[in-house]
Amino acid sequence: AANKPYDGTTSATLTSCTVSGVVAGDVVTCTGTAAFDTATVGTGKTVTVTGLTLTGAAASNYTLATTTATTTAAITLAVTTVVAAPASGTYGGTGSLSATLSAAGAPVSGKTVAFTLNGSAVGTAVTDASGSATLASASLTGVGAGSYPTGVGAAFAGDASYGAASGTSALTVSPKPLTPAVTAADKAYDGTTSATLTSCTLSGVIGADVVSCTGGTAAFATASVGAGKTVTVSGLALSGAAAGNYTLSSTTATTTAAI
């Protein structure tokens, strides 16, 4: 009988059946149905062949002493495949990770898949009936904004029946939007709309990230004297060590000041 990878069944494949005592020149062989004693992985496992019958041109001249015979063969670990799905999220947020586990093209359920982001462990999930494991809210903390072709990792450690497997996929982390708030200085009438930006603060910065807004050109709505006049600041930009992880929700902001 042939060796086979684990498939959860006791089915076996009869590879040959020879008979002894055949007269020289006679054509006679045998065939039957083979089965392992158990479905578990192992070597030297008993295979029983039942329902043996004779075939061939001279078969009618012979009879089998028994219609059952035994041999041994192995059930090996099933070869598995892990396919990780691409994932995305926003800097400092979370992302949904998923992967499928299969063996011989069939889904494998009830198995634990471990996920990583850029090599760092973020959690585990168990495969469902379709072989899919999903980690719904994996933390993206510590992963900078950018594209990582193999940023998502998924691995199955293997067990007594299934071999280990792993796979990777792309991770895309988008910059986090920040909202700017500006202030402008009062000024004496000078016949122009020019204004001076005095501060620009950002809401939404994570932890101790160093990021600030700079630049920008400020202008009053009109050049006439007045209090609480609208000042529009345009052309704002981000600077600082962590600026690449963020984006401005708008490069324009408004405040009020007096002429």
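The basis for the numbers below is simple: all heavy atoms, side chains too, and nothing from hydrogens, waters or symmetry mates.
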Nearest 0.5 Å please: distance from the [atom1] atom of [X] over to the [atom2] atom of [Y].
{"X": "Ser98", "Y": "Leu135", "atom1": "OG", "atom2": "CG", "result": "10.0 Å"}
{"X": "Ser174", "Y": "Asn245", "atom1": "OG", "atom2": "CG", "result": "11.5 Å"}
{"X": "Asp128", "Y": "Thr100", "atom1": "CG", "atom2": "OG1", "result": "10.0 Å"}
{"X": "Leu171", "Y": "Thr150", "atom1": "CG", "atom2": "OG1", "result": "9.5 Å"}
{"X": "Thr168", "Y": "Asn118", "atom1": "OG1", "atom2": "CG", "result": "11.0 Å"}
{"X": "Ile259", "Y": "Asp186", "atom1": "CD1", "atom2": "CG", "result": "9.5 Å"}

Linked, directly or transitively: [X] and [Y] (ILVMFWY side chains, under 4.5 Å):
{"X": "Leu14", "Y": "Val47", "result": "no"}
{"X": "Val113", "Y": "Tyr162", "result": "no"}
{"X": "Phe115", "Y": "Leu101", "result": "no"}
{"X": "Val210", "Y": "Tyr91", "result": "no"}
{"X": "Leu117", "Y": "Val83", "result": "no"}

Which heavy-atom pair separates [X] from [Y] by the least distance, and what is that distance?
{"X": "Val231", "Y": "Ala195", "value": "CG1-CB, 3.9 Å"}
{"X": "Ala253", "Y": "Val182", "value": "CB-CG2, 3.8 Å"}
{"X": "Cys30", "Y": "Thr18", "value": "SG-N, 4.0 Å"}
{"X": "Thr76", "Y": "Val41", "value": "O-CG2, 3.8 Å"}
{"X": "Ser139", "Y": "Val122", "value": "O-CG1, 4.1 Å"}
{"X": "Ala184", "Y": "Ala257", "value": "O-CB, 3.8 Å"}

Would you say the side-chain atoms of [X] pair up with the backbone N or O of [Y], donor to acceptor, closer than 3.5 Å?
{"X": "Asn3", "Y": "Ala74", "value": "yes"}
{"X": "Lys111", "Y": "Asp159", "value": "no"}
{"X": "Tyr6", "Y": "Gly163", "value": "no"}
{"X": "Thr127", "Y": "Val108", "value": "yes"}

May I ask you to test the [X]-[Y] pair for a side-chain heavy-atom distance under 4.5 Å?
{"X": "Thr10", "Y": "Asp37", "value": "no"}
{"X": "Thr134", "Y": "Ser96", "value": "yes"}
{"X": "Thr66", "Y": "Leu52", "value": "no"}

**OP:** Evaluate the side chain to side chain contact (heavy atoms under 4.5 Å, CB included) criterion for residues Asp209 and Tyr246: first the C-alpha distance (whole Å), next the side-chain angles of each, then the deciding distance (0.1 Å), finally the verdict.
**Re:** CA-CA 10 Å; Asp209 279 358; Tyr246 296 92; 2.6 Å; yes
Original post:
Leu236 and Cys200: side chain to side chain contact (heavy atoms under 4.5 Å, CB included), yes or no, with the steps?
Top reply: CA-CA 9 Å; Leu236 291 169; Cys200 179; 4.1 Å; yes
**OP:** Assess the side chains of Thr50 and Thr68: does a donor N or O sit below 3.5 Å from an acceptor N or O?
**Re:**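 No - no donor-acceptor pair under 3.5 Å links their side chains.
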Subject >> Derivation and outcome, side chain to side chain contact (heavy atoms under 4.5 Å, CB included), residues Lys4 and Thr9 >> reply: CA-CA 11 Å; Lys4 74 167 187 175; Thr9 74; 3.2 Å; yes
Subject >> Set of residues satisfying side chain to side chain donor-acceptor pair (under 3.5 Å) with respect to Thr38, sequence neighbours excluded >> reply: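 Expected list: Thr40, Lys45.
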Original post:
Run the side-chain hydrogen bond (donor to acceptor under 3.5 Å, both in side chains) check on Thr183 and Ser199 step by step: do they pass?
Top reply: CA-CA 5 Å; Thr183 61; Ser199 72; 2.5 Å; yes
Subject >> Derivation and outcome, side chain to side chain contact (heavy atoms under 4.5 Å, CB included), residues Thr31 and Thr53 >> reply: CA-CA 6 Å; Thr31 186; Thr53 58; 3.6 Å; yes
**OP:** Under the side-chain hydrogen bond (donor to acceptor under 3.5 Å, both in side chains) rule, what do Thr29 and Thr55 come out as? Steps first, then yes or no, please.
**Re:** CA-CA 5 Å; Thr29 59; Thr55 61; 2.8 Å; yes
